[in-house]
Chemist: 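What follows is a single structure, and I will ask about it in a moment.
Residue indices begin at 1 and follow the sequence shown.
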Amino acid sequence: MSARVARPLAISALLLLALAVAPRAGSADVLHYRLEAGVRLGDDMRPVIARIADDFHRRTGRGIVITSGTRSSREQADAMFDKLRLGQRLTSLYLDFDAASEIQAAYRASQRRGRGQCVAAMARVIDAQMRRGCFISRHLHASAADVRSRDMTRRQRSTFEQVVAGIPEVSLLAEGTPPHFHLQLD
C-alpha cells in the first residue's frame with residue numbers, strides 16, 4: 001500500500017474511532033456542570049450534582065458552575081473570613097451558635113493582623129472543633145457544594161430551586177454573601 005493511500009485510511013480510522021468513543025449529546029457521559037479550579041466533590045455529592053445539573057440543563061439548556069465542594073479547615077476559614085469581611089454574622093448563618101461564635105471571636109481577635117494570620121487563627125478553632133466532633137459546615141466532611149447563582153436569571157434560579165426540591169436527600173440554602181446556592185446532603 002502506498003503512503004498516498006495509507007495516510008488517508010489512517011486518518012479515516014482515527015476519525016471513526018473518535019466518533020465511536022465520543023459522548024453523545026444527551027448521554028450520561030456529558031457533564032452539565034463545571035468545577036471551578038481547585039474544587040473537589042465528595043464521592044456522595046458527585047452523582048447528586050450530576051443529577052441536579054442534568055435536570056437543570058434539560059429544563060433551561062444551560063449547565064451549572066460548582067464554586068466550592070469539600071473543604072479543609074483552612075479553606076472553610078477562608079470562606080468564613082470573606083463572609084465576615086462582607087458584614088455577614090456567622091451566628092445567623094450556621095446552626096451551631098456556639099461553634100460559630102468561637103470562629104467569629106477568632107476573627108475579631110486577629111483580623112488586624114492581616115488575612116493570612118486571621119484565616120490561620122480561624123482554621124485552628126475549626127480544627128479544634130473537628131477534633132471534638134463538631135463540624136460547623138457539611139463542606140468539611142464532603143457532603144456539600146456551592147453553585148454559582150449570580151449569572152442565573154430569576155427564572156433560572158426558580159427552576160434550580162424546583163429541581164433541588166425534587167430530590168429529598170438534598171437541602172438548599174440560597175445565600176447572599178456572596179450570592180450562591182448551598183447544597184448539602186441530609
Side-chain angles (χ1 to χ4, degrees), residues 23 26-60 62-84 86 88 90-100 102-104 106-107 119-120 122-152 156-157 159-186:
S27 80
D29 295 334
V30 176
L31 292 179
H32 294 117
Y33 68 89
R34 178 177 61 82
L35 300 176
E36 280 196 342
V39 173
R40 304 171 316 277
L41 289 178
D43 291 339
D44 293 338
M45 279 304 291
R46 200 171 293 113
V48 172
I49 292 296
R51 181 174 162 198
I52 290 168
D54 289 347
D55 195 7
F56 183 72
H57 181 268
R58 185 180 54 75
R59 295 181 190 202
T60 67
R62 63 170 289 179
I64 61 174
V65 178
I66 309 303
T67 59
S68 184
T70 302
R71 294 178 184 157
S72 67
S73 58
R74 175 100 185 174
E75 291 165 327
Q76 183 66 37
D78 196 57
M80 291 175 144
F81 178 92
D82 288 337
K83 287 186 176 301
L84 289 163
L86 293 170
Q88 178 103 32
L90 300 182
T91 52
S92 66
L93 182 62
Y94 292 93
L95 295 177
D96 190 329
F97 184 88
D98 292 336
E102 286 181 62
I103 297 164
Q104 279 184 178
Y107 172 82
V119 167
M122 294 167 65
R124 285 190 296 274
V125 170
I126 294 168
D127 283 332
Q129 291 173 347
M130 290 169 56
R131 283 191 298 275
R132 296 191 315 260
C134 173
F135 292 81
I136 186 80
S137 172
R138 300 271 176 94
H139 286 284
L140 292 167
H141 53 90
S143 59
D146 293 340
V147 176
R148 178 177 294 146
S149 63
R150 71 172 186 255
D151 58 350
M152 291 181 185
Q156 289 168 339
R157 287 191 302 271
T159 299
F160 187 83
E161 290 171 351
Q162 290 169 12
V163 167
V164 175
I167 303 175
E169 67 269 18
V170 177
S171 296
L172 177 144
L173 176 63
E175 294 191 42
T177 310
H180 66 279
F181 290 114
H182 171 83
L183 305 176
Q184 66 184 33
L185 297 175
D186 292 331

Chemist: Gln88 and Ser92: which non-hydrogen atoms are nearest, and at how many Å?
Modeler: NE2-OG, 4.0 Å
Chemist: Between Val147 and Thr67, which heavy-atom pair has the shortest distance, and what is it?
Modeler: N-OG1, 4.4 Å
Chemist: Please determine whether a side-chain nitrogen of the Lys or Arg among Asp55 and Arg59 lies less than 4.0 Å from a carboxylate oxygen of the Asp or Glu.
Modeler: yes
Chemist: Less than 4.5 Å apart, any side-chain heavy atom of Ile103 and any of Gln129?
Modeler: yes
Chemist: Answer whether the closest heavy-atom distance between the side chains of Phe181 and Arg157 falls below 4.5 Å.
Modeler: yes
Chemist: Might you point out which heavy atoms bring Met45 and Ala144 nearest each other, and give the distance in Å?
Modeler: CG-N, 3.7 Å
Chemist: Could you please spell out the steps behind the side-chain contact (heavy atoms from CB on, under 4.5 Å) verdict for Ile49 and Leu183?
Modeler: CA-CA 9 Å; Ile49 292 296; Leu183 305 176; 3.8 Å; yes
Chemist: What's the spacing between Glu175 CD and Ser149 OG if we round to 0.5 Å?
Modeler: 9.5 Å
Chemist: Minimum heavy-atom separation for Met152 and Arg62, please, with both atom names.
Modeler: CA-NH1, 3.8 Å
Chemist: Can you tell me if Gln104 uses its side chain to pair, donor with acceptor, with the backbone of Thr91 under 3.5 Å?
Modeler: yes
Chemist: So, taking the atom named CG in Leu90 and the one named NZ in Lys83, what distance separates them when rounded to the nearest 0.5 Å?
Modeler: 8.5 Å
Chemist: Phe56 vs Phe160 aromatic rings, parallel, tilted or perpendicular, using cut-offs 30° and 60°?
Modeler: perpendicular
Chemist: Ignoring hydrogens, what is the shortest heavy-atom contact between Leu140 and Ser72? Give both atom names and the distance.
Modeler: CD2-O, 3.7 Å
Chemist: Show the nearest heavy-atom pair for residues Ile66 and Ala145, with the distance to one decimal.
Modeler: CG2-CB, 4.2 Å
Chemist: Please check if atom CG in Leu95 has more than 12 non-hydrogen atoms from other residues, nucleotides or ligands closer than 6.0 Å.
Modeler: no
Chemist: With a 3.5 Å distance limit and no angle check, can you tell me whether Arg46 reaches the backbone of Leu41 through a side-chain donor-acceptor pair?
Modeler: yes
Chemist: Could you tell me whether the side chain of Glu75 reaches within less than 4.5 Å of the side chain of Arg40, counting heavy atoms only?
Modeler: yes
Chemist: After noting the C-alpha distance and the side-chain angles of Arg71 and Asp78, does the key distance pass the side-chain contact (heavy atoms from CB on, under 4.5 Å) rule?
Modeler: CA-CA 10 Å; Arg71 294 178 184 157; Asp78 196 57; over 6 Å; no
Chemist: Please walk me through it: do His182 and His139 pass side-chain contact (heavy atoms from CB on, under 4.5 Å)?
Modeler: CA-CA 10 Å; His182 171 83; His139 286 284; 3.3 Å; yes
Chemist: Stepwise, does the side-chain contact (heavy atoms from CB on, under 4.5 Å) test hold for Arg58 with His32?
Modeler: CA-CA 9 Å; Arg58 185 180 54 75; His32 294 117; over 6 Å; no
Chemist: Can you tell me if Asp43 has over 12 outside heavy atoms packed within less than 6.0 Å of its CG?
Modeler: no
Chemist: Considering only NZ, NE, NH1 and NH2 on the basic side and carboxylate oxygens on the acidic side, decide whether Arg51 and Asp54 come within less than 4.0 Å.
Modeler: no
Chemist: How about Ile136 and Met80: do any of their side-chain heavy atoms sit closer than 4.5 Å?
Modeler: yes
Chemist: What's the spacing between Asp146 CG and Leu173 CG if we round to 0.5 Å?
Modeler: 9.5 Å
Chemist: Nearest 0.5 angstrom please: Glu169 CD to Asp44 CG, how far?
Modeler: 10.5 Å
Chemist: Counting heavy atoms not belonging to Arg132, are there more than 12 under 6.0 Å from its CZ?
Modeler: yes
Chemist: CG of Asp127 to CZ of Arg74: how many Å apart, nearest 0.5 Å?
Modeler: 10.5 Å
Chemist: Mark yes when over 12 heavy atoms from residues, nucleotides or ligands other than Asp82 sit less than 6.0 Å from its CG; otherwise mark no.
Modeler: yes
Chemist: To the nearest 0.5 Å, tell me how far Ile126 CD1 sits from Ser73 OG.
Modeler: 6.5 Å
Chemist: Let me see the working for Ser171 and Asp186 under side chain to side chain donor-acceptor pair (under 3.5 Å), right down to the final yes or no.
Modeler: CA-CA 7 Å; Ser171 296; Asp186 292 331; 2.5 Å; yes
